[in-house]
Amino acid sequence: MDFLFTEEQDMFRDSISRYVREKYDFETRQKIIASTDGWSKEVWADFAEMGLLSVPFAEEYDGLGGGAVDIMVIMEELGKGNIVEPFLPTVVLGGGVLSEVGGDQAKTLIPQIATGELIVGFGVAEPRSRFDLFHVEASAKKDGDSYVLNGRKAVVLGAPIADKLILSLRTGGNTRDEDGISLFVVDAKAEGVTIESYSTIDGHRAGDVILEDVKVTSADLLGEEGKALPIIEKVTDQGISAIAAEAMGVCRKMTELTTAYTRERKQFGTAISNFQVLQHRMVDMLIHTEEMISMAYLGALKLDEHPDERKKILSAVKVQLGKSVKFCGESAIQLHGGMGMTEEMAVAHYFMHGTMLDVMFGNADHHRKRYESLM
Amino acid sequence: MDFLFTEEQDMFRDSISRYVREKYDFETRQKIIASTDGWSKEVWADFAEMGLLSVPFAEEYDGLGGGAVDIMVIMEELGKGNIVEPFLPTVVLGGGVLSEVGGDQAKTLIPQIATGELIVGFGVAEPRSRFDLFHVEASAKKDGDSYVLNGRKAVVLGAPIADKLILSLRTGGNTRDEDGISLFVVDAKAEGVTIESYSTIDGHRAGDVILEDVKVTSADLLGEEGKALPIIEKVTDQGISAIAAEAMGVCRKMTELTTAYTRERKQFGTAISNFQVLQHRMVDMLIHTEEMISMAYLGALKLDEHPDERKKILSAVKVQLGKSVKFCGESAIQLHGGMGMTEEMAVAHYFMHGTMLDVMFGNADHHRKRYESLM
Amino acid sequence: MDLAFTKENEEFRQEIRDFLDENWPEEKRTGEVTEFGRDEYIAWHKKLAAKGWVAPSWPKEYGGPGWTPTQKYIFAEEMAKAETFNVLPFNIGMVGPVIYTFANEEQKKRFLPATLNCDIWWCQGYSEPGSGSDLASLRTKAVRDGDHYVVNGSKTWTTLAQHADWIFCLVKTDSEAKAQESISFLLIDMKTPGITVRPIITMGGDHEVNEVFLEDVRVPVENLIGEENKGWTYAKFLLMHERSGIAGTHVCKKALSRLREVASDKSLYGDAPILMDDAEFRRKVSEIEMDLMALEYTELRALAGEEAGKGPGAESSILKIRGTELQQRISHLAVEVAGYYAMPFQRGLTGNETPSGPEHTVDAAAGYFNKRKTSIYGGSNEIQRNIIAKAILGL
Amino acid sequence: MDLAFTKENEEFRQEIRDFLDENWPEEKRTGEVTEFGRDEYIAWHKKLAAKGWVAPSWPKEYGGPGWTPTQKYIFAEEMAKAETFNVLPFNIGMVGPVIYTFANEEQKKRFLPATLNCDIWWCQGYSEPGSGSDLASLRTKAVRDGDHYVVNGSKTWTTLAQHADWIFCLVKTDSEAKAQESISFLLIDMKTPGITVRPIITMGGDHEVNEVFLEDVRVPVENLIGEENKGWTYAKFLLMHERSGIAGTHVCKKALSRLREVASDKSLYGDAPILMDDAEFRRKVSEIEMDLMALEYTELRALAGEEAGKGPGAESSILKIRGTELQQRISHLAVEVAGYYAMPFQRGLTGNETPSGPEHTVDAAAGYFNKRKTSIYGGSNEIQRNIIAKAILGL
């Protein structure tokens, strides 16, 4: 048993950390999210060059064959930098699905992801699904060798900037059946695809995807027809592990920024960091951060367990995420006073991002329930 | 709308408060609970003389015709004094049932309660009922003009010192049916009655009552056969209102004792009341106390509403009680440090009593559920 | 002790309801508005002013309606139930009372009617960069020059300064003396040369607050309220004033009932179970409801105390703490109700497009972010606890 | 990064299990024991000592087993799972390390084997009435008189002093100098004339702690550890030492799983639904389980740090805070599980009668009351937060 990082992992950590320091400071980030596209292709190209985009992929796809801990190292640093480029939907989720199903699509698309040519949008939620992955109304109806897609996928991460969309669609059964769900890869520019684009409140790009008689072929089906739910669950658990790492970066930063700010900020003739009540609040931020780190480690190390064990642990990770980002975030804003409310302060953006991480893949309550169903 | 007390209420408050100060200080109390009987007949006689025991009863029973607010005033003071005499089972619960059902038993027994001659034990719980008043296994089987009682009633308040016991028993239906529950008055010394006596952990007297072929007559049936549940619910709601008032006394005392102690207690060269973290903790004790007061008022004033509304409000009152006694109690002990743990300090006894008030009539969780079923 | 309102009070309540039914139609009752138009707001203010109801707390001689505390409470409750705009606190709750209490007759004549009628829109010049809860550290200076003061400095967190006609400012008139003896209370026309307003955009894209820069701003001495260097007294008076309604109980109740409606709306959930049937969600709702009950009756007890002649004291700090905690909890519950649709930024920047998610999701996250302010402003909740520790517990 | 234990570690674990199966039979595994017999305890201690396992943290030369931190962790885990008695902390965690680190050879020879083997039962003389977390305010005096010290004063919160043979005491040997330079560390035979032990009964009727009065107690100077007036250093060393296991994760897990068993035992509920099916109860259990997970892995990370050569630091304060919070939450859950039967005082005073309620209810309330101590002793949780603020956050 050890919690040591490999040299390679330390190297990745250092190089991203340096990149953020030198090329992705707060002002740069704010410019990027205010831009029309809402992300930076240059940054993405740099990521490709640094090798980040090929980390999790098998060597047969020209990947680096990395594992969950490697992703954790990267995501923590992306979290610290509060980076908005679509690493999660493209590499972790899109790439995750493709790695899972293999086949021709994986052979074609993964190398394009690794080189930074391809951005993937990932959509498994719907307007009425809340966080239930098995609730799929949008349909794919078989028609000879092709499928006709109809329906709406909600809050598809990366959709407005994606080349390809990976979406869950119903090929059989009823709305909330576990069986009969399939994954398809759909060209973002295909006929019948409309994307209602928006920024998320924390500055990422996403959109609702509306499918109206979109034609795809059976080659666009990922994996076995109707059997996608276990894959979706596994990949979203990988997503949870990834954002848990991001959250640990976010919590660390919020704690750091808050201790620094309170040391600077003078009220009643003294730095407010001298007030015991605020000190204890910051101690509790630290504790929540440490717990987040512990659980992020645990989650990364349990991703390959039996599905029941994996789901139980990853739900516990997500519950911790909900608690940690909320406590650290609300405390950070409170201790920054009015300043923390303004968009000029980095801490506000960590707080907003952390809040969205709690929503993503199901909030703490949702995962408490999943945990309890397995306990 | 007003929250004013009548002159009579103020008088009662003052006279009990004076009584506690002069005749029921902490040492006296500790002697009483360490005595064989565990209560003081002299105190009880004094209470009778002060008129406390006749407050809630109608004038036809030689009572003072008081209402819920009068009981509140008394119970708050009994809470402040942490008094162990059986006012709750005898006057509030036993007397409450008798007032509710009326009839000969009321005519006979209420005046005896009012004069202090009669102590009543009150038992509606069973080993497997938890807090469900409708869960009644102990049975009363009709046999001509009499009933034969069998079963066990759990934690019957006042049982070891009672002359009469008022117990819920099943006269029809199944274990958890709402119908078929009846109330009986049983002589504590009747043949077949065994009382497993104990002190409660907060120094009151209670016991499990075991009934083995106990014979009573139909004159001992209180109210209509099989229809007792609504009465039990109403009277236990009156009990909740009464202990909410007690809890407000308990919380007030714990807050008072804690602020006083921390002002005395010196550590690191200063009174520990100067530490901001402890100050804020005491402020939160105060807030919990104020909330308890508000809810106790509300409960007392809503006892005569329609049963659904009454139950909903009294459940909210009980939830507040659970929160307030736990927060104030745990904080009081923490701020007293080791001293608060010892049986030599009054604060420990308030904490223990408060904890038991949370259990009584169903803990906070039980009442959250009841509230939700009515919301 | 009695919870019932008197027959007179119930009639009074009916009168309010009738007025609101007529003047604040159903379609306007859409939940809390964080951004609203200046003109729309003023129109509503003037309507209330015309009715004589705009300043419940003002003495009758200055235009108040002469209500009892209970009537004020009923009025506030009905206004909240109908989800009307709040009355502009800067005019009614802040500068107005300072003026009628400390200003001279000429100032009263000049400013009170316009303040009551919202012909002047006031904003508050208290906080400065570097001084938040600690007013004693103000640095904006006013130097006497003939019959003018020349004001230099800057104010921050100035709510709705972008709409304001005038600002009431705390300024240092004696740089030597300590704060309590060197601050003056000055009224300044926002059109005076040298004043610049810079928006501060807060999380979620709100423009509620501003920085106000004052550079050689010349203010006639007749705009000084009360005595020079006595502003500290007036400032403290203002901070203690108008604490009624600070708990926001009724607004909370309304917001919670809106969430319950949404969570019970079958059309939003289709084949999925409604959120209101989720045990944990129900638990959160019930806990907030019960806590609101405790808060409401704590407020009513304070009100009864006031009615019995005790002025509002440090108890209002309790109401502020619990009230803001509840507002914040409810605002987070809205995020939970919104689910994935809490994520899109659906207002402001994107103009008037139709949001992708249901209506109730649009402000969910932004509302949660915005409500963080409530435990910060008006004396942070930490400051409130300090006040209680000192004033009530005597620590 | 890897969660798996090595094959060697798993073999080690099996060895512990085999030993426990043989020496700590199933019928003894009955949950936490707050009161136990002195002799029974000593027998267990000696059994572990004979095996060489009683002092995992001691250096090999003094009788420790020479385990790695991971082995120590595994040992603690298995001991907790089997619900054995804890090893007496006064001997193994406290005075032992002080003796082998600071005492002279003669003292080591005289005391260490007896301490290891529990031929001496030690108790701790640190706290005094009036000095809790603030050790600098000690007042018990030791005045040199020939080859003896004459000790006068009193100690309090002395755990299990009623069983103890010896007490290790902090005493003031120089009344003029400030605390840090005037305290000495003295070993005192409890049979010395002038020592009186007075029980302190804590909530729920426990007799765990005592006051110890010292009146003209003559202590040979050879019982002084280290140098006179340097006791502060040894005391601080002791407080920092042996923080492993401070979180109590395994004990918590076991206690929680016992509650789950009870809450799932159909025979206790009859026709009523089992408590474990109550949504809110399940929620409390799941939350504690998940928090325990976070605590356990935080502990493992600290352990890994230690294994990598970093000594135990202020991180142990985090473990102490969260560990005690969880112990307290679980103890309250036991009260909820007990229902009405939390109320009877079912032990101690009433002798050996059968309790009225089920077995699991007997200690429920007393256990809850007793666990309040965990956030008070060993440096209150407030003190722990002060330590973290200073040592980790640098505030």
Side-chain angles (χ1 to χ4, degrees), chain B residues 1-6 9 67-70 72-73 255-256 258-259 262-263 271 273-276 278-288 290-302 305 312-313 315-320 323-324 364-365 367-375, chain C residues 1-6 9-10 68-71 73-74 256 260 276-277 279 281-305 307-308 314-315 317-322 325 381-395:
Chain B
M1 190 192 51
D2 75 84
F3 296 93
L4 304 172
F5 293 99
T6 63
Q9 287 161 349
V69 176
D70 302 272
M72 182 172 87
V73 169
T255 306
E256 250 174 64
T258 305
T259 51
T262 56
R263 265 195 289 254
S273 62
N274 291 325
F275 292 108
Q276 196 189 23
L278 305 194
Q279 289 186 351
H280 282 206
R281 185 89 173 249
M282 289 185 271
V283 167
D284 287 333
M285 290 173 74
L286 175 78
I287 295 177
H288 276 88
E290 290 296 328
E291 289 178 322
M292 186 70 256
I293 297 168
S294 300
M295 291 304 285
Y297 282 18
L298 179 60
L301 295 168
K302 292 281 193 178
E305 297 285 317
K312 191 178 153 186
I313 300 290
S315 280
V317 172
K318 195 65 181 21
V319 169
Q320 183 67 55
K323 287 196 295 187
S324 289
D365 265 2
H367 282 283
R368 281 192 193 96
K369 251 179 305 184
R370 190 172 79 157
Y371 181 94
E372 284 160 21
S373 74
L374 294 161
M375 108 184 159
Chain C
M1 198 171 286
D2 187 3
L3 283 187
F5 289 100
T6 61
N9 281 333
E10 291 301 349
T68 63
T70 305
Q71 285 177 310
Y73 180 85
I74 290 170
L256 186 64
R260 280 188 65 164
M276 201 59 205
D277 283 348
F281 183 78
R282 253 184 118 69
R283 177 60 40 104
K284 287 187 188 169
V285 171
S286 73
E287 286 188 330
I288 293 175
E289 268 193 29
M290 289 186 256
D291 287 346
L292 273 171
M293 236 181 242
L295 178 64
E296 182 175 9
Y297 283 85
T298 304
E299 194 180 4
L300 283 168
R301 284 171 51 223
L303 186 76
E307 199 129 354
E315 285 76 15
S317 291
I318 296 178
L319 302 178
K320 200 263 174 177
I321 291 170
R322 277 294 193 255
E325 286 172 355
N381 285 11
E382 287 82 8
I383 297 282
Q384 301 298 337
R385 285 189 165 84
N386 287 347
I387 291 172
I388 297 171
K390 200 170 169 185
I392 307 185
L393 297 177
L395 299 174

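Each chain gets a letter, A, B and so on, in the order its sequence line appears, and its residues count up from 1.
Contact record, C:A294 with B:S294: O-CB, 3.8 Å, taken as the closest heavy-atom pair. Minimum heavy-atom separation, B:M282 to C:L395: CE-CD1, 3.6 Å.
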### Task
Start with the C-alpha gap between B:R368 and C:S286, add the side-chain angles, then the distance that decides, and say whether side-chain hydrogen bond (donor to acceptor under 3.5 Å, both in side chains) holds.
CA-CA 7 Å; B:R368 281 192 193 96; C:S286 73; 6.0 Å; no
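In terms of the salt bridge (Lys or Arg N to Asp or Glu O under 4.0 Å) criterion, residue partners of C:D291 (sequence neighbours excluded) are, by chain and number, B:K323, C:R329. Residues satisfying the salt bridge (Lys or Arg N to Asp or Glu O under 4.0 Å) test with C:R260, not counting sequence neighbours, are C:E289.
Most heavy-atom pairs under 4.5 Å with chain C, from the set B:Q320, B:E372, B:E291: that is B:E372. Among B:Q9, B:Q279, B:K312, the residue making the largest number of heavy-atom pairs under 4.5 Å with chain C is B:Q279.
In this structure, the side chain of B:R263 engages the main chain of C:G394 through a donor-acceptor pair within 3.5 Å.
In this structure, the side chains of B:Y297 and C:R301 come closer than 4.5 Å at one or more pairs of heavy atoms. Side-chain contact between B:V283 and C:Q384 is absent, with no heavy-atom pair separated by less than 4.5 Å. By the 4.5 Å heavy-atom criterion applied to side chains, C:N386 and B:H280 are counted as neighbours. The shortest side-chain heavy-atom distance between B:M375 and C:V285 falls under the 4.5 Å cut-off.
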